[in-house]
Amino acid sequence: MALQFLAPSVLYILLKPSVAVGQTLNYQKYLSRILEDNAPNSTVGNINILNVDFIDEYIEVAYLPIIMSFVCYGKPINDLGYYDGVASVSLAMEHLNTGNGSIIPEIRGLNETCPLRFTTKSFDAECSQLAAVNHVISLTDRSMTGQLYPTAILGSSSSSISMPTSIISSLRDVPQVSPSSTSSDLDNKDQYKLFGRTVPNDDGTSIPLIAKLNSLGVNHLAVLYIDDSYGNAFMEGLILAAQQNAPELRIKTVNMRVNPDKEIIRDVIRRLADIQYTYFFGIIYSTNVDDIMTEAYDQGIAGTGKHSWIFGDGVGNYLEGRQFEAGSKLALAFQGTGVVTAAGGISGMTTFDKFYKSMKLMKNKADISYMESLLPNEYADGKIMNHSVISRDQSFLSSQKLIPPFIYDAVIALGIASCRLRSEGTASFTGVDILEAFKNTTFEGASGSIVLDPITGTRVPS
């Protein structure tokens, strides 16, 4: 039988770790040691109840596991900021658990009024729907004793993975909140009942893109899109936005299968060249972009000074700061290209600047070691992955990436929502309860004003 919630005063004698100078995640490290030594006794809805042996008291834990693709085709990837996202989640939980309102004033003193404590662990989707679905099935199996049950799941980074995982998590009554899955199809509440996101959908990205093209006098656009849920939904949203906002813009499309080989890319570029347009928009992933642009250069539709390429958010920060050999095919092909993406804030925004200042403070040995402990190391094929090639790289936590501010705001929103439910004392903490409270949470976040559609749970563009 599940335990009833306890009086809030029970929590306040617990978890007051010593503060290490120059470190940020002191509370999270202390909490992780307690969780290692104390298995959950029961749950109330999606909240875990643990008895802490050394004080013989109970604590209430909200578990928000992360499902992201940290490794793709055997190699660590961080173009959207997946690794930085783990750091961002840790920072958000540190702030919730200590009532630190230095970034989000609404959570100042939250630890004194809310008995919930927040923790996480990450699981690698490996750019695979199957791997991600298997994680969700395992995480949401209530028959598994000794493991925390998710209050909500954070992720995934891509729509093609969030779609199947959200169906499973919804069936298990666990909300899923994504910082970067943008497909408009995910707004279908008949299919993705407990899905929400702190990023706008692709329709919100398409409108400013069409407006920009219109301002440049572009009347013809060739669109190359990946043939998956992300690519198809983005392409359809783009066409709809053009019909409504720039009816004179003629769009022709060419699709490309997922994980194309060089022969398929050669054929796709030939089809684009045959259209004889000079403006191209690529709804593709970073794993393909170099091969595509090399072939586009070879076939005379990139690097000519007459052809322009723009990419959607699937390429992430892959092109940011890249150095090409002078005069090389890629240097010429990428000259003058651009990326259109939902921005998680910009420098000069007060809350955004505070967020990235706090992120950089975690760039110390102790905090990075803790973040590494949250990453999955052993994989189903028996391989041991060394994530330090990313986490110990000079650029880690030093540059602005897409996911970190959006996922920070996702954790803060879920924390505020969960604590509000807890304070009301009437919620059963079902997945439906949690998502409804999440959808009705607003604040000025690291990525801007957090306002969510009350029906779909999707971020309203601002």
Side-chain angles (χ1 to χ4, degrees), residues 11-12 14-36 48 50 52 59-66 68 81-122 148 151-152 154 177 179 198 344 351-375 391 396-397 403-419 422 441 443-447 450:
L11 264 287
Y12 304 148
L14 180 66
L15 304 181
K16 294 181 179 178
S18 58
V19 176
V21 177
Q23 298 177 26
T24 298
L25 303 176
N26 297 293
Y27 191 101
Q28 295 309 106
K29 297 166 196 168
Y30 186 62
L31 178 58
S32 68
R33 290 196 294 271
I34 289 175
L35 295 176
E36 286 174 4
N48 300 273
L50 284 75
V52 181
I59 62 171
E60 303 167 14
V61 176
Y63 179 44
L64 306 178
I66 307 164
M68 292 278 184
Y82 313 106
Y83 287 81
D84 300 69
V86 174
S88 181
V89 169
S90 301
L91 179 66
M93 291 183 173
E94 182 78 13
H95 288 172
L96 288 170
N97 288 332
T98 60
N100 183 335
S102 59
I103 297 176
I104 311 296
E106 286 86 345
I107 66 170
R108 183 171 289 116
L110 187 68
N111 60 321
E112 298 176 0
T113 60
C114 177
L116 298 178
R117 295 297 176 259
F118 298 85
T119 191
T120 191
K121 189 77 176 175
S122 62
L148 293 170
T151 304
L154 299 169
V177 177
T198 49
T351 307
F352 178 82
D353 289 343
K354 288 180 179 179
F355 166 72
Y356 265 105
K357 181 179 179 180
S358 295
M359 286 282 285
K360 291 177 181 178
L361 291 175
M362 291 189 290
K363 193 162 181 159
N364 60 77
K365 185 176 180 179
D367 285 341
I368 288 177
S369 293
Y370 169 73
M371 289 180 277
E372 288 173 338
S373 73
L374 301 176
L375 293 167
S391 60
F396 182 58
L397 302 180
I403 286 176
F406 286 118
I407 203 167
Y408 177 89
D409 289 340
V411 174
I412 295 296
L414 285 166
I416 293 173
S418 298
C419 284
R422 181 65 177 85
T441 300
F443 57 93
E444 192 65 27
S447 62
I450 302 298

Query raised in the report: Between L148 and L50, is a side chain to side chain contact (heavy atoms under 4.5 Å, CB included) present by the stated rule, with each step listed?
Result: CA-CA 9 Å; L148 293 170; L50 284 75; 4.0 Å; yes

Requested in this report: Show the numbers, then the answer: is there a side chain to side chain contact (heavy atoms under 4.5 Å, CB included) between M93 and Y27?
Outcome: CA-CA 9 Å; M93 291 183 173; Y27 191 101; over 6 Å; no

Report task. Would you please test L414 and L154 for side chain to side chain contact (heavy atoms under 4.5 Å, CB included) and show each step? Result -> CA-CA 10 Å; L414 285 166; L154 299 169; 3.8 Å; yes

Report task. Output, in order, the C-alpha distance, side-chain angles, deciding distance and verdict of side chain to side chain contact (heavy atoms under 4.5 Å, CB included) for H95 and V411. Result -> CA-CA 10 Å; H95 288 172; V411 174; over 6 Å; no

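Residues Y83 and F396 keep their aromatic ring centres 6.0 Å or farther apart.
Judged purely by atom type and a 3.5 angstrom limit, T120 uses its side chain to pair as donor or acceptor with the backbone of L64. Judged by distance alone, the side chain of S88 and the main-chain N or O of P405 form no donor-acceptor pair under 3.5 Å. At least one donor-acceptor pair closer than 3.5 Å links the side chain of N48 to the backbone N or O of V61. No side-chain donor-acceptor contact under 3.5 Å links T351 to the backbone of A446. Under a 3.5 Å cut-off, the side chain of R117 and the backbone N or O of N111 do form a donor-acceptor pair.
Contacts of F352 classified as ring pair (Phe, Tyr, Trp, His ring centres under 6.0 Å), with partners at least two apart in sequence or in another chain: Y356.
A donor-acceptor pair shorter than 3.5 Å cannot be found between the side chains of D409 and T198. Counted by atom type alone, N100 and S102 present one or more donor-acceptor pairs between their side chains at under 3.5 Å. One side chain, N97 or Q28, offers a donor N or O that lies under 3.5 Å from an acceptor on the other.
Between T24 and L91, some side-chain heavy-atom pair lies under the 4.5 Å cut-off. Taking 4.5 Å as the limit, every side-chain heavy atom of E106 sits out of range of all side-chain heavy atoms of T441. For the pair I416 and F443, the minimum side-chain heavy-atom distance is below 4.5 Å. Considering only heavy atoms from C-beta on, P179 comes within 4.5 Å of M68 through its side chain. Contact of the M359 side chain with the P404 side chain is registered, since non-hydrogen atoms from C-beta on lie closer than 4.5 Å.
Rounding to the nearest 0.5 Å gives a distance of 5.0 Å between OG of S90 and OH of Y370. Here I368 contributes atom CD1 and M362 contributes atom CE; the two are 9.0 Å apart, rounded to the nearest 0.5 Å. To the nearest 0.5 Å, the span separating CG on L110 from OG on S418 amounts to 10.0 Å. The distance from the CG atom of L374 to the CG atom of L25 is 8.5 Å, given to the nearest 0.5 Å. In this structure, OG in S447 is found 9.0 Å from CZ in F355, a value given to the nearest 0.5 Å. Summarising the geometry, atom CZ belonging to R108 is positioned 11.0 Å from atom OG1 belonging to T98; distances are rounded to the nearest 0.5 Å.
The shortest heavy-atom contact between K121 and S373 is NZ-O, 2.7 Å. Nearest approach of A410 to V177, heavy atoms of both residues: CB-CG1, 3.8 Å.
With respect to Y408, the side chain to side chain contact (heavy atoms under 4.5 Å, CB included) criterion is satisfied by exactly one of I403, V89, I104: I104.
Surrounding NZ of K360 are at most 12 heavy atoms belonging to other residues, nucleotides or ligands under 6.0 Å away.
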